[in-house]
Protein chains: 2
Amino acid sequence: MLTDRQLLILRAIIDDYIQTAQPVGSRTLSKRDDLTFSSATIRNDMADLEDMGLIEKPHTSAGRIPSEVGYRYYVDHLVEKQIIDERETGRLEERLKQSSKESEILIRQAADLLSDLTNYTTVALGPNSQMETLARVDFMPLDERRGVVLIVTDQGHVEHRTVMFESRVAPDVIEETIRLLNDRLVGTPIGQLKIRIGEEVAKLQLAQRQQYENMMQLIQSTLGIQTPSSLYLGGKKKIFNQPEFQTLDTLRPFLEWIDEQERLTHWLESLPNREIYVSIGSENGIVALQNCSVITSDYTLDGKTFGTIAMIGPTRMNYRHGVQMMGQIIEALRRTKLDE
Amino acid sequence: MLTDRQLLILRAIIDDYIQTAQPVGSRTLSKRDDLTFSSATIRNDMADLEDMGLIEKPHTSAGRIPSEVGYRYYVDHLVEKQIIDERETGRLEERLKQSSKESEILIRQAADLLSDLTNYTTVALGPNSQMETLARVDFMPLDERRGVVLIVTDQGHVEHRTVMFESRVAPDVIEETIRLLNDRLVGTPIGQLKIRIGEEVAKLQLAQRQQYENMMQLIQSTLGIQTPSSLYLGGKKKIFNQPEFQTLDTLRPFLEWIDEQERLTHWLESLPNREIYVSIGSENGIVALQNCSVITSDYTLDGKTFGTIAMIGPTRMNYRHGVQMMGQIIEALRRTKLDE
DNA sequence: ATTAGCACTCGTTAAATATGAGTGCTAATA
DNA sequence: TATTAGCACTCATATTTAACGAGTGCTAAT
């Protein structure tokens, strides 16, 4: 168990280190207003804290820096749970509101906002449309051999794709096919569309051969629509300002990793569903993010479950402020009304 | 005018420097098989080449490096105009063909291909839809207050947007409005849609007030559709392998610049229309690309004018190979058939 | 239990030195 | 007259050495 003084010292070390990125020594600490003990006393406590694995020294004659365990303790015990500042949240809500009413743009805006607020890179993931269900299929002819297939989900998301037929197809055949698709497939989760279409096609009688042939055309393209969750990166260049990313060895893996949209999406989707979750340093298990901490949270837009937003900074990130801002943003998003 | 030997030496210096990124000295050159002169002779010619501004030395006791003027001379006189290697082009065409028939994906694939071929970063810009004209507007209701507006261009590109009405709108009013929009606006360039709609609205009689009110809803969202030219970056991380980008001072401006999609798009759109154009070093006028050269070319897909593709590398780039590969790719794109 | 004092460690910085690739010039050579 | 060998000179880079100083751990005094 930590004594009150040790707690005070641990907190001071981390606060100081978060600000300066420099190992902090006993003498520096003893000069702080909130620490009234001599440097020697602090040194003794520091030795204890080090024994407990909460802090460590880069080398013998340097000050101490927090260990990952130390950060974990700090986040769990010393970061007060989010108290939403009503005024600030209102202001954020206002800024979001005036940007747009398109959910896509709102989310981008939220990511940018969060990044500007914290100076860390952010990633926002829109709703995973695999979970949504088909609300409607429609077709709009362009010319004799081409047309646009539209699919609409229950959440109101729309995707379109241009299709081209091998040969001319009679309008009524298309109409019939679309009706068929609507009759049989509405309500199917987007992710299962492909399988379900296969099943439906198998059920068709040979008598419906003609529809079948042409339907295949539409099916092929319809199922090819894999509405990707929309991903947005905010403040990518913020990383350049972090002292721990001033060398290529650290910068490169980070940038290469963050630019892999697909991997990034999977990662965000794989995160446990939670309100606000802090992952410290190597906890996240990603080599490129060894020296990063991540604050993630699921968010709702207009009260409806929506997606995930994450904030990525160096392990030496300002957790208190980060958690605070994350809380504000998701609260602001929650309050944002889409349809008014 | 350059003597034959000077030409030989200039070429050797540039070829050598392109490969090693190191200043090349007279002794190194004299050891090449194709240069049979003594280092002293070469030194004399080098002094002359330097007087002419074709090469320069980083400092007194270093070898020479090509100047921008030197590269320009090299590109204009020593890079043979593209001879398409039929076998290679065929292979590229094959690889493009099997990736997809969607123009969007084909272009991405082409950018990636070109980047892999050359190890430089590439940027591909799709067709500028501002130039296309409206072929059709359509509307598909989702529920009482919402629907999808579709616009189709003469080139077959489709964009959609979900709109929401303030209040319930009668289906026949919508139908009428859509008919009106189609009647009056088909053939209008996308870029002028906004102005044209304003003009049309002004022409309406007060008697058509009802349509007018509701139309405004649609108009507002329709003209908001600014189909952005699709931009694709290939091999962004290739830059990390270039020796001139191993320091943050050079790397950072480049990365920050390349990540600004909008600026990038404008830049590509502003390039002069040409087959293959090489811009060397500061010629491009972009501070972040001071030390880069760019090979750009307009390309056609399936024979139809389409967009612009660019290859960005250090000034010390392999122009010969770069120009060659660029030629192959645009030829392969030209031959790629979209509809078969 | 706390603090002052002191020897010791070790990363950082600066100065001193050595190295060597490359040049320009001059004189010898073909 | 054009080429080449020879040599003194330059200057970025690498290596060594020394000085510095922030910080520690331990011991003894308070």
Side-chain angles (χ1 to χ4, degrees), chain A residues 1-10 12-14 16-17 19-67 70 243-244 246-247 249, chain B residues 1-10 12-14 16-17 19-67 70 243-244 246-247 249:
Chain A
M1 222 17 334
L2 293 183
T3 66
D4 285 352
R5 196 176 57 205
Q6 284 169 339
L7 213 63
L8 218 52
I9 291 174
L10 175 61
I13 290 174
I14 298 186
D16 204 285
Y17 184 67
Q19 238 197 313
T20 66
Q22 296 298 323
V24 4
S26 54
R27 217 177 108 70
T28 316
L29 285 178
S30 74
K31 275 187 288 197
R32 284 174 63 125
D33 291 347
D34 54 341
L35 297 217
T36 55
F37 333 103
S38 78
S39 64
T41 310
I42 293 174
R43 271 203 292 287
N44 289 332
D45 278 338
M46 279 170 121
D48 293 344
L49 289 170
E50 188 174 4
D51 287 343
M52 288 182 264
L54 293 166
I55 57 179
E56 54 199 22
K57 39 184 174 193
H59 57 86
T60 4
S61 72
R64 302 305 213 292
I65 60 173
S67 69
E244 28 273 280
Q246 295 303 309
T247 119
D249 297 339
Chain B
M1 226 17 329
L2 294 182
T3 67
D4 285 354
R5 195 176 58 207
Q6 284 169 340
L7 214 62
L8 217 54
I9 291 174
L10 176 61
I13 290 174
I14 299 186
D16 204 284
Y17 184 67
Q19 236 197 315
T20 66
Q22 295 297 324
V24 5
S26 54
R27 218 177 106 72
T28 317
L29 286 178
S30 74
K31 276 187 288 198
R32 285 174 63 125
D33 291 346
D34 53 341
L35 298 215
T36 55
F37 333 102
S38 77
S39 63
T41 310
I42 293 175
R43 270 203 293 287
N44 289 331
D45 278 337
M46 280 170 122
D48 293 345
L49 289 171
E50 188 175 3
D51 286 344
M52 287 183 263
L54 293 167
I55 56 178
E56 53 198 23
K57 39 186 174 193
H59 57 86
T60 4
S61 71
R64 302 305 212 292
I65 60 174
S67 69
E244 29 271 280
Q246 295 302 309
T247 118
D249 297 338

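The sequence lines fix the lettering, A, B, ..., with proteins before strands; numbering per chain opens at 1.
Remark: side-chain polar atoms of B/S67 are paired, donor with acceptor, to backbone N or O of B/G53 under 3.5 angstrom. In this structure a side-chain-to-backbone donor-acceptor pair under 3.5 Å is missing from A/S39 to A/S30.
Counted within 6.0 Å of CZ on B/R5, heavy atoms from surrounding residues, nucleotides or ligands total more than 12; the atom is thus considered enclosed.
The phosphate of C/dT3 has OP1 or OP2 within less than 4.0 Å of a side-chain N or O from A/S38.
Under the 4.5 Å side-chain criterion, counting only non-hydrogen atoms from C-beta, B/L29 is in contact with B/M46.
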Listed pairs, N/O of protein and of nucleotides 21-26 of chain C, under 3.5 Å:
| unit_1 | atom_1 | unit_2 | atom_2 | d |
| --- | --- | --- | --- | --- |
| C/dG22 | O4' | B/S61 | O | 3.2 |
| C/dG22 | O3' | B/A62 | O | 3.2 |
| C/dT23 | OP1 | B/R64 | NH1 | 3.3 |
| C/dT23 | OP2 | B/S26 | N | 3.2 |
| C/dT23 | OP2 | B/S26 | OG | 2.7 |
| C/dT23 | O3' | B/K57 | NZ | 3.2 |
| C/dG24 | OP1 | B/K57 | NZ | 2.9 |
| C/dG24 | OP1 | B/R64 | NH2 | 3.1 |
| C/dG24 | N7 | B/R43 | NE | 3.1 |
| C/dG24 | O6 | B/R43 | NH2 | 3.3 |

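With both pairing distances under 3.5 Å, D/dT30 is matched to C/dA1 as a Watson-Crick or G-U wobble pair.
Between A/L29 atom CG and D/dA22 atom P there is a gap of 15 Å when expressed in whole angstrom units. Distance, B/L8 CG to D/dT3 P: 13 Å, rounded to whole Å. Rounded to a whole Å, the CG atom of B/D4 is 15 Å from the P atom of D/dA2. The separation between B/I65 atom CD1 and D/dA12 atom P is 14 Å, rounded to whole Å. The distance from atom CG of A/L35 to atom P of C/dT3 is 12 Å, rounded to the nearest whole Å. The interatomic distance linking B/D48 (CG) with D/dT3 (C1') rounds to 14 Å, in whole Å. Across the protein-nucleic acid pair, A/R5 atom CZ and C/dA1 atom C1' stand 8 Å apart, rounded to whole Å.
Here the options are B/L2, B/D45, B/T41, B/D4, the test is side chain to side chain contact (heavy atoms under 4.5 Å, CB included), and the partner is B/I9; only B/D45 passes.
Under the rule for a side chain to side chain contact (heavy atoms under 4.5 Å, CB included), A/Q19 has no partner lying at least two apart in sequence or in another chain.
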